[in-house]
Structures are given as structure tokens and as C-alpha cells.
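Computed from a prediction, not measured in an experiment: that's the story for all the values here.
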Amino acid sequence: KKESFTGSASVINNKKLELRPISNVTKGLEGQTTGLLTTSGSGQPGEAAKIVIRGYGSINASQDPLYVVDGIPFSGDMSSINPADIESMTVLKDASAGALYGARGANGVILVTTKQGKAGKTTITYDGYVEHDFVASKPDVLDAEAYLDKVTGAVDYGHRTNWYDELINKNNFGHNHNISLSGGSETTIFRMSANFKGKEGLDIASDRKEYGLRGNFKHTTLEGLLEVGGNFSYRIADEDYTDYASFKQAVQLNPTFSVDEMDAFKGNSYSFNPVKNLTEQENGAKQEYSTIDLNLKLNILKNLNTELKLGRQGHNKKQSQYKFKTHKDCINGNYNGYALLKQEAWTDWTLEWLGNYSFKINDEHDFKIMGGYSYQQFDYEWFSASNRDFPSDAFLYNYLQGGEYEKVNGRLGMESHKEEEKTIAFLGRINYNWNDVFLFTGSLRHEGNSKFGEDHKWGLFPAASAAWR
């Protein structure tokens, strides 16, 4: 509880999140709390913002905080969680607050709580919005006349093209729709929601469409002795990517070229038509996200309970790319088409067992003790295949065996990889409250990870904090 919390934390509730339309959970953290830096990414629709808590601590290592969703450490993509399903987010900023999560909590911890059903009448809600993006500030580039006047040796090819404007999708459109069903009784509550989002990018190539379902339930039985709960979610995202090298080219290319010009760039690896670089290829991915977890809580006594959590997170991504024979890479490489398929799969298994015990001495000294065990396994694998020089562009990336390039002896055109990581931890925490005047929290986590060095498989993470009121 916040009133007995001795660390540094900030809470962002759903009312703050609903004040403005956000396409990603991480975007909802922008400007909501001190000590947290959010940086927008490339502009790809649906892309998560970069979150840094307490500043940058390393040049090469990841700065990403640990996300814990409904009590389960979340290793997936935060863009797979619909902001409309969020009840609150709690940002744990200091080391004492995050030490209980071990090495993964070194960059801070963000606790995400999703909306739950409530006992009473079943309710159906809907909300949605439409959006349109525009460029707030464009780069100041030379027009054709200024370019010919100021650039030494500039040639006038007879056209007047604003390359930057040609890359912008001025008629982009986005829409988001959420519908939920929730309710329950005194012993059972539930909530289910569905979501559809479509978002065209600011450029002429990028796009994202996604569909998602999320549900949860909680059932209390045996006169409150046993509580059973669970969460599940499933989301599909269909993405089209862009190539941001086109924007760099657009601000320096001769504006007197025709927007359809290709011949002038043959054999030139430094200059290319930025519009054709996007329109003469297909580059995208289909992503599938799934989570499921089950919670069993046994209330042995009023002040003693134990809880078991088991969860699985899955993420599959199929990336597909095809460059037509009219694409600059194919023209310069003298081959007819290039195709790539890459399949990636992430799986995360989590098992946690926790026990909680509380007691008071003389109604002045309040103790709460928690102990437990945590196991998490991460599996990641990928496979890719590519080929080039096809008889036709008609089959795109669906006819890899038709390319002539990889048929030459000694060439392969395939790659694969697999890795596994395990984390095991024993943890404990004690909270002491003296008359609501003096508060103390101490925690200890003994953690082992398969990626640690041979003689350093295990680490100890102690922490303590206090407050006086």
C-alpha cells in the first residue's frame, strides 16, 4: 500500500491515461512522473517509446525497465497491451523498491495492473477515436532555383520536385475501437475486452493493423479459503515498414529530377530515388502475441496465505521482404528481385510461489513478512532464408526456390539460431510499522542466472529503506 511504502514510486491511474488518446502503453507515461525519460522511436505506427528511469547507467547495456503485468514479470513487447485495458501503472524508481526483482530490476520497475471485473450488474462499454498526424516542423531544404544557384556543378534536369513532401502521406488516418464486457457476483468476477486499431504512418510506406482480445476472472470458493484467478490475452499485428534512409536522401537530392527518375542513379551507391526506394519493395511482418497465467491463492488463516502463479508468454514474428527488379539494389546488383523470409519465436515460462504472514505486537508493532521462490525460462529462436534473381516478381517472397542466385554451389542463403536463459530466485521481504510513525522495509533476493559467469552464477540483492512521519 502507498501509505506504508518507504521507497520512491509514482502511480499513474487509468483516469490520467484516458485524458488523451494513446496508441501504446509506454506513450501514456510521457510527462506523467518525474525521474522518467521517454523518447519516441522512429515513428513506425504502434512502436513503443523508449523508457529510461533514473537516467542512463550504461553505454552498451539495455536501459529498459522491468515490466510486471498483474504480478507476472513481462518480457514481451509493451505494444501488445491495449492502453484501454490498463487500470494503473506504478513506477518504482529507487534501488530499494526494485531490488526484490533482482538484476532485471536494475533499471527500475514498472508495475502494470489491468482492469478487473466488479461484482454487480454486467456492463458493456465502448470507446473509440479517430486520429490524423501531420508534420509539425519540416526541414528547410533548397528549392530547385536555390539549389541550382548555390550548389557547384548542379545540373537542371527540368523538373521541380520536393522530395520530402513526396514521402509524406498527407492523408494518413488512424482509428481505435474498444469494447468490454464485465461483471460478476460476490464469489466470481470477470472482464473481457476486444480491440481493433488501424494506423497509417506519416510516410507513404508504413502502416499497422492489429486485433486483440483480453480476459480475466477471479473465483472465491470454500468460504473464502481458496481463490482461483487467471488472465489471458491474444493479439495479432500486421505491419508494413519503411526505410528511413529515404528521408536522409530526400533532403540532399537534386530537386530537378523527376519523381519517376531511375536511370540517372544506375551504378550510383550514394544517390537514389527516395520515393522508388519505398514503392518498389514490400517490407513488413505479421506478429502474434499471447499470454496466459493462472493464480491459486490459499487463505490458510486471516493473517497467513500462500499463492502459486504459473504463466506463459508467447510471441511469434514472421518478417517478409521483397525488392522488385526495378528497385535500386536490384538494378545496381544486376539481378531480378530479392526475397527474404524470417521467422522468430519467443517463449517465456514463469513459476512463482509466495507466502505472506502478518502479525501485531501490542497493537503498536505491525509486521508483514513475505517469502517465496521464482523460476523463469526464456526461449528464443529464429530462422531466415533468402534468394534473388527470380524469373518474375509475381510470386514475391512466396517462391524462394525459384531464385537462381542460391542455386550456385557454395551458396546457402539460410541462417538459424536458438538460445535459452533461466533465472531462479529465492526472495524475502519484511515490512515493519510502528504506530504509523516509523516505517521500515527490508528485502533480500538470492538469484541465479544461466548467463552469469561460471564462478558467478548467483548474486545477492539486499535492500533496506525507512520513513518517519
Side-chain angles (χ1 to χ4, degrees), residues 17-31 38-51 64 67 74 76-86 127-139 164-179 193-214 233-248 250 274-275 277-290 315-322 340 342 344 346 397:
L17 297 175
E18 292 169 356
L19 288 176
R20 54 199 174 107
I22 53 174
S23 59
N24 189 282
V25 171
T26 56
K27 300 292 182 67
L29 295 170
E30 292 180 347
T38 61
T39 306
S40 297
S42 62
Q44 175 72 27
E47 184 181 38
K50 179 74 174 178
I51 302 294
D64 296 336
Y67 293 91
F74 185 76
D77 185 353
M78 288 303 293
S79 64
S80 65
I81 299 179
N82 181 17
D85 290 326
I86 302 298
D127 69 84
Y129 62 83
V130 295
E131 62 177 317
H132 171 72
D133 293 339
F134 62 92
V135 180
S137 179
K138 295 182 180 181
Y164 190 88
D165 280 353
E166 292 291 338
L167 294 177
I168 300 299
N169 179 14
K170 303 177 183 63
N171 298 318
N172 69 83
F173 178 73
H175 53 108
N176 185 20
H177 309 275
N178 304 294
I179 187 169
S193 65
N195 166 249
F196 169 69
K197 285 193 286 187
K199 183 72 175 71
E200 297 174 343
L202 260 176
D203 63 273
I204 59 177
S206 60
D207 183 78
R208 180 182 173 100
K209 294 182 179 66
E210 53 185 307
Y211 317 81
L213 294 171
R214 177 174 288 272
S233 68
Y234 183 75
R235 179 167 293 269
I236 297 175
D238 193 350
E239 302 173 320
D240 291 324
Y241 302 139
T242 191
D243 183 354
Y244 291 99
S246 284
F247 284 89
K248 181 179 179 180
V275 175
N277 182 47
L278 300 183
T279 60
E280 297 305 305
Q281 67 170 312
E282 290 192 10
N283 186 16
K286 295 183 185 297
Q287 305 207 54
E288 181 183 81
Y289 308 89
S290 62
H315 177 195
N316 294 306
K317 179 180 180 181
K318 181 181 179 181
Q319 181 181 351
S320 53
Q321 182 181 24
Y322 188 83
L340 167 71
K342 183 175 182 180
E344 297 177 88
W346 297 261
Y397 38 74

- Query: When rounded to the nearest 0.5 angstrom, what is the spacing between CG in Asn277 and CZ in Phe247?
  - Reply: 11.0 Å
- Message: Does any part of the side chain of Ser206, heavy atoms only, come nearer than 4.5 Å to the side chain of Asp240, both counted from C-beta?
- Response: no
- Nearest-0.5 Å distance, CD1 of residue Ile51 to CE of residue Met78: 9.0 Å
- Item | Heavy-atom donor-acceptor pair, Asn172 side chain to Asp133 backbone, under 3.5 Å | yes
- Can you tell me how far the CG atom of Leu202 sits from the CD1 atom of Ile168, to the nearest 0.5 Å? 6.0 Å
- Item | Atom of Asp85, atom of Ser193 and distance for their closest heavy-atom approach | OD1-OG, 2.8 Å
- Assess whether side chain to side chain contact (heavy atoms under 4.5 Å, CB included) is satisfied between Asp165 and Lys138, documenting all intermediate values. CA-CA 9 Å; Asp165 280 353; Lys138 295 182 180 181; 2.8 Å; yes
- Query: Is the backbone of Thr242 close enough, under 3.5 Å, to the side chain of Gln281 for a donor and an acceptor to pair up by distance?
  - Reply: no
- Message: Within this structure, what is the OG1-OH distance for the pair Thr26 and Tyr67, rounded to the nearest 0.5 Å?
- Response: 6.0 Å
- Side-chain contact, heavy-atom cut-off 4.5 Å: Asp243 with Asn283? no
- Query: Asp238 pairs by side chain to side chain donor-acceptor pair (under 3.5 Å) with which of Gln287, Lys209, Lys286?
  - Reply: Lys286
- Message: Does Lys170, at its NZ atom, have more than 12 non-hydrogen atoms belonging to other residues, nucleotides or ligands within less than 6.0 Å?
- Response: yes
- Task: Could you grab the distance from atom CD of Glu282 to atom CD of Gln321, nearest 0.5 Å is fine?
- Result: 10.5 Å
- Side chain Lys197, main chain Arg208, donor-acceptor under 3.5 Å: no
- Message: Please find the pair of heavy atoms, one from Ser79 and one from Arg235, that lie closest to each other, and give the distance.
- Response: O-CD, 4.3 Å
- Query: Are the side chain of Ser246 and the backbone of Pro274 linked by a donor-acceptor contact shorter than 3.5 Å?
  - Reply: yes
- Task: Step by step, work out the side-chain hydrogen bond (donor to acceptor under 3.5 Å, both in side chains) result for Asn82 and Asn178.
- Result: CA-CA 9 Å; Asn82 181 17; Asn178 304 294; 2.7 Å; yes
- Please step through side chain to side chain contact (heavy atoms under 4.5 Å, CB included) for the pair Asn171 and His132, ending with a clear verdict. CA-CA 8 Å; Asn171 298 318; His132 171 72; 5.9 Å; no
- Residue pair Asn176 / Phe196: nearest heavy atoms and the distance that separates them: OD1-O, 3.4 Å
- Message: side chain to side chain contact (heavy atoms under 4.5 Å, CB included), that's the test. Do Asn169 and Glu200 meet it? Break it down for me.
- Response: CA-CA 8 Å; Asn169 179 14; Glu200 297 174 343; 3.7 Å; yes
- Query: Sequence neighbours excluded, which residues qualify as ring pair (Phe, Tyr, Trp, His ring centres under 6.0 Å) partners of His177?
  - Reply: His175
- To the nearest 0.5 Å, how far apart are CD in Glu166 and OG1 in Thr279? 11.0 Å
- Query: Between Asp77 (side chain) and Ser80 (backbone), is there a donor-acceptor pair under 3.5 Å?
  - Reply: no
- Gln44 vs Tyr244, side chain to side chain contact (heavy atoms under 4.5 Å, CB included): CA-CA, chis, key distance, verdict: CA-CA 10 Å; Gln44 175 72 27; Tyr244 291 99; 4.2 Å; yes
